[in-house]
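This report refers to the structure that appears directly beneath it.
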2 protein chains.
Amino acid sequence: MNVEITPERLRSLFRPRNVALVGASNKSNFSLGTYTNLTNFGFGDRTFLVNARGAETHGQATYTSCQAIGEPVDLAHMMVPQAATLDALTESAAAGVRNSVVLSSGYGETGEEGTAAQAELVAHAESLDVALLGPNMLGFVNFVDGVSVMPGPVPVQPAGPVALLSQSGASAAAMSEFATTSGVGLSYMVTLGNEAMINAAHVIDFLVDDETTKAIALFLEAVRDPETFRRAALRAARAGKAIIVLKVGASDLSARSAAAHTGALVGDDKVVDAIFEKLGIIRVDTIEDMMITAGAAAHLGPLPTSGVGIVSFSGGACDILADRAADHGVSIPPLGDAAMESIGEIASAFGLVQNPLDVTGAAVIKPDMFTTAIVSMSKDPDIGVVAVVCPLPTATDTLPWRGMPMARAIGAGVELAECPVVWVNQVMVPSNATVRTVMEEVGVPYVIPGLSQSMIALGAIGRWSERLRELAASEEHENAPLALAATESRTGNWSEAEARRLLESAGIPVVPAVLATTADRATTAAEELGGAVALKIVSPDILHKSDIGGVRLGVSGHDAVREAYDAVIAAAESVPDAKVDGVLVSPMRRPAPELLVGVVRDPQWGPILAVAIGGVLVEVLDDSALSPLPVTPDKAKRMLRGLRASAVLDGVRGGVPADLDVLATVISRIGDLALALGDDLTSLEINPLRVEGDLIEALDAVVEWRTK
Amino acid sequence: MNVEITPERLRSLFRPRNVALVGASNKSNFSLGTYTNLTNFGFGDRTFLVNARGAETHGQATYTSCQAIGEPVDLAHMMVPQAATLDALTESAAAGVRNSVVLSSGYGETGEEGTAAQAELVAHAESLDVALLGPNMLGFVNFVDGVSVMPGPVPVQPAGPVALLSQSGASAAAMSEFATTSGVGLSYMVTLGNEAMINAAHVIDFLVDDETTKAIALFLEAVRDPETFRRAALRAARAGKAIIVLKVGASDLSARSAAAHTGALVGDDKVVDAIFEKLGIIRVDTIEDMMITAGAAAHLGPLPTSGVGIVSFSGGACDILADRAADHGVSIPPLGDAAMESIGEIASAFGLVQNPLDVTGAAVIKPDMFTTAIVSMSKDPDIGVVAVVCPLPTATDTLPWRGMPMARAIGAGVELAECPVVWVNQVMVPSNATVRTVMEEVGVPYVIPGLSQSMIALGAIGRWSERLRELAASEEHENAPLALAATESRTGNWSEAEARRLLESAGIPVVPAVLATTADRATTAAEELGGAVALKIVSPDILHKSDIGGVRLGVSGHDAVREAYDAVIAAAESVPDAKVDGVLVSPMRRPAPELLVGVVRDPQWGPILAVAIGGVLVEVLDDSALSPLPVTPDKAKRMLRGLRASAVLDGVRGGVPADLDVLATVISRIGDLALALGDDLTSLEINPLRVEGDLIEALDAVVEWRTK
């Protein structure tokens, strides 16, 4: 029997009516800390201490077992040693407890023996129909209902819109400390531990349905359950709840190290990036960016368009923002006529009307410049969010605060604006009570601390908003699968001739070619095709044709073609038992940009399409773009534009610029073909795909099947 | 007469014995704010209020003029309107005041009229022998002696080792607020304004001599005085004082915008990068990184080697650090045998012995694991600094603090370590009184707030330390200039033949060639050289030889050479008045990687050497490395390695790997040649420089002289 981990099931775990602390003991700091937190949060009267000997603990009477409690309990928090865990589960289940948090370490994170113990733990919990969080973790806090099932000190604070999930227990406290300091309110904080049964994906799924949570911050070492993760992420996207992930494993060192201490597959980092991008998951590099971006996404929601309007008190800040915008791919569009005009009317005081806008010290005397500038920018069709840079009260400022008139003018702008507005502090300093009072009084809900941080957050939220729009297009695309005629036997490797037929049947253009089985047919084919030709041996048993001398390029003239035909046939005869189908004769093409387009199967995430520019560049630059399937033409275009050497497609040294629309359609079609071929396919590689203007042709292709 | 701005002169400005506030008035918030700051800092009794009508101001008696004060005054702080500034300068100078700070705006930052007013201001100050800081700025604070000549609120705080200079007044307060919050102590904070007379370079020069200042943080929009800046930066490097610069202008948008509001040349950003790198100046992207890196550099000083050892309480933190280390070019070297062994002895408790080292929760029970790990790593020859990740007291923690045993163990490690050690907090949260008490008690002088920030700071400090070591080598190189024989007339553009002679005289290898003036000589030359040859027209009047048909490549055979000779001569005759010296005959070379190496003159910074990989790559990737002269062979090697396509030099598709030592020596020599040619040279370009193993040859060269 499998315990089904649904959002409803997790509701009873994360929002329990009461909690039993199993293994409560005066000798345990874990026990004392957890009990103290629960009482601090006002949950003391719904907490039952279970101590096998019934000894008074933390000044309270205890129960000898869960069954002794005598009323239904929603959650058992297991603080017993590893050796006592199975029995404790049996006992609590007998009392009807269906959810359990297991703190103890010594399981999957410690090697073979621990992995076996973890499997036993899961099997036991499943046999008891108990949903299990952990083991090897530090509990969770529910700020919504005030339930802190966590041993370390947790400050009591009002619930906010960001849920924090962490696979690292030791770092979770620091993450929540940063959130508190910088004014990012938390709904839940969950340490995930070894995810033996309940994993990050399940918790995301629960949070999608949670009304308080508007964005999810996730510290991730490994995705243990890709399918559930993908499904939960898509549900979050449809709900407009951003998932912001700090995933380690980008460097070889961390990938090795994380794999060692999580015992899970960390995954190819470029594939993870591609999957996240497709699912609209925001990936960040630092804990600070994770929390700040989650806070901003929770407050701003999806943006109507990704351009950022900037109104700033400091010209220096404008310049820093412009530089960091360029670094982080944020668009700061020039102002449209309407905004230029309405800001121009108040601009005599400060000069240059532009985006970013420096209102200068003149705003001290005329604070409503802020209001006008914010509202004017918010109406600009190219601007999806306005960021306002202005000082906030510092730690030594008191109320009444001298900056209040400017703050009020900004508040008025927020009120009247036609797109989301966010206040940006120049530096990453803590929020404080004075700041919160000012924000509340003027009606500004959120402050991004730091200029660079604001560009990272707004850039990420803008791209996330675009991904949400694309998801619909991608789903539509997915619902119109490629229809394929029945194909030959799907085993081993296909010859180029078979692969050509497959591509043609899927509407993917291939270079003309004739399969010649005699030298005579080769020479007439060469005449029909005109100009110089290429001759290539066709055999399912010869994958690397050039290596054995099975390819001749630039052959022209009757005799030369005949000689080349004989030569490649002879070359094939040198390969023992190679079945030869003939020789492909195709016209030589002028030099033009060439791409490599391939679909391979990732062990975690399934088929992934890769696009790279061919030739020396791909070897030297490691320059490729990846995407899971399907790849819409729009997505294909974005992949091409993302290549470092994408300028090659614009036509260098007199070359014809590629028709990106046609090219993107062909790439998308290659992805559709791979999807239609299904799980039998191991890999499909077109190399090269030649690109000359709108003449796009596969010059060679390899198809490999799972069954050998 | 020019006022000479020396460190001694600035000492009397920034460390005045007393200050006159000229234009003190109850109606001015600037006046009240500045006076309040001065009294808060305990400087009230050395502050003279000057009010033209002698009216009581800020509750104090005033003087009608500086002369009325009746004692020598070191500094006049001008708060009068722009129109009254010249007279106020005259009056204060008559009283013997030799230093002045001018706040008023309306000068160089506002266009033509303002620029004229600024020139007049400077001329007037010079005529009075007054050193002038400003105009258009917000004053300065000297935390060392407690002098706050600044209108905004400045918290009184002990002096620290970091000086903060800012060309933006409106952002300086935020920068210092961040410094205070994150425990970076300041020695001085100077807003620079328009730098009409005293500029950033002068202030750096002063700070090099200042005993309190150990590092300098600088927010820069434009370098106004490159020569003084270069000199001051070199002095700072020799003194081991790091300069950390946040320079805007990296994006087109900010470069345009900064140029508009500073009225100064922002400069080509890639050239600025090259100059900074050479001078050992650390460039950062954010205000936070500027202050944190400055604080770390002040406390750590130059590192013996740039490898970082990491000891962490959290495995998640180890993985984040490893990823960010890779992003920011930080080396986390594997541990040597000795460190492996000594850490291995205590490791049974936590498993994997490696760098980064996760001491895990086991360190709570055995805190001295921290001490052992720190000391062992500090003795590793590949490690130049040890970073220790461990929680610090949070805002809600009180003393006695539960983390004290671990903090003491870390302090013991700092004490016993053989290289610098720094504590790293996982997140960027404020320092607080409890944190400071703990740090002081256990003997940890500095905490870097944030994992990502620690990698940025330690990476930058490591590279800075390397640059300091290289500066000596570079100076030695500079002291051994290339001796050149007298050359032909240095005007116009030289023909390829002249350029070849110049390169040869400087020991730069060129492809063999014969200058033929008859078709017969050309054919015998071709025979002597063997194989196919290239023929190129030689004329100082024909720069783009290919364009007019003046180049024939791959010519072989007696008749073909003769025909080609005649053809290129005929092509040259189509160019009116072109003087033809003959035809260069040189052997064709096999395809091999080609570089472009050129020296051009930057308007601000002088000759800059550029290296790029030739061919399509350079067009598609915009992939080049720049350096001011001289370029040592080591530096040349680093430039080559820094190219995105540097793998081309490793030998792709069966090519011979470049001999980087020989290649670097040739590149260095090209720089030396440009240096030796001096200011007469406009540009020297070798394109291509062909690289096949250790056979490095200039295939073509262009020399352009300043005089036409």
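Sequence lines set the chain letters: A, B, ... in the order given, protein chains first and strands last, and positions in each chain run from 1.
- Between chain B and the residues Leu253(A), Asp285(A), Asp397(A), the largest count of heavy-atom pairs under 4.5 Å involves Asp285(A).
- Proximity to chain A (any heavy atom under 4.5 Å) is restricted, for Thr181(B), to the side chain, taken from C-beta onward.
- Residues Pro356(B) and Leu321(B) fail the side-chain proximity criterion, which asks for heavy atoms closer than 4.5 Å.
- Taking the side-chain hydrogen bond (donor to acceptor under 3.5 Å, both in side chains) definition, one finds that Thr396(B) meets it with Thr394(B), sequence neighbours left out.
- Of the atoms belonging to Arg324(B), it is side-chain heavy atoms, and not backbone ones, that fall under 4.5 Å from chain A.
- Of the listed residues (Gln426(B), Gln354(B), Met175(B)), the one with the most heavy-atom contacts under 4.5 Å to chain A is Gln426(B).
- At a 4.5 Å heavy-atom cutoff, the contact between Asp327(A) and chain B is made by side-chain atoms alone.
- Ranked by heavy-atom pairs shorter than 4.5 Å toward chain A, the options Ala174(B), Ser168(B), Ala326(B), Gly111(B) are led by Ala174(B).
- Using a 4.5 Å cut-off between heavy atoms, Glu288(B) contacts chain A through its side chain alone, with no backbone atom that close.
- Using a 4.5 Å cut-off between heavy atoms, Leu392(B) makes no contact with chain A at all.
- Within the 4.5 angstrom heavy-atom criterion, atoms from both the backbone and the side chain of Ile320(B) approach chain A.
- Look at Lys247(B) and Asp273(B) and you find no salt bridge, because none of the NZ, NE, NH1 or NH2 atoms lies under 4.0 Å from a carboxylate O.
- For Ser314(B), the parts lying near chain A are the backbone and the side chain together; criterion is any non-hydrogen pair under 4.5 Å.
- At least one side-chain heavy atom of Val424(A) sits under 4.5 Å from a side-chain heavy atom of Leu451(A).
- Counting heavy-atom neighbours within 6.0 Å of Asp252(A) CG, excluding the residue itself, gives a total of 12 or less.
- Side-chain contact annotation: Asp323(B) with Ser251(A), donor-acceptor N/O pair under 3.5 Å present.
- In this structure, chain B has a heavy atom under 4.5 Å from the side chain of Pro153(A), while its backbone stays farther away.
- Per-residue heavy-atom pair counts under 4.5 Å with chain B were compared for Ala250(A), Ser646(A), Ser312(A), and the maximum is reached by Ala250(A).
- Side-chain atoms of Thr180(A) and Gln157(A) include a donor-acceptor pair closer than 3.5 Å.
- Between Thr110(A) and Ser105(A) there is no side-chain heavy-atom pair separated by less than 4.5 Å.
- The 12-atom threshold is not exceeded at CG of Asn29(A), counting heavy atoms of other residues, nucleotides or ligands nearer than 6.0 Å.
- Ranked by heavy-atom pairs under 4.5 Å with chain B, the list Gln453(A), Met291(A), Glu177(A) is led by Glu177(A).
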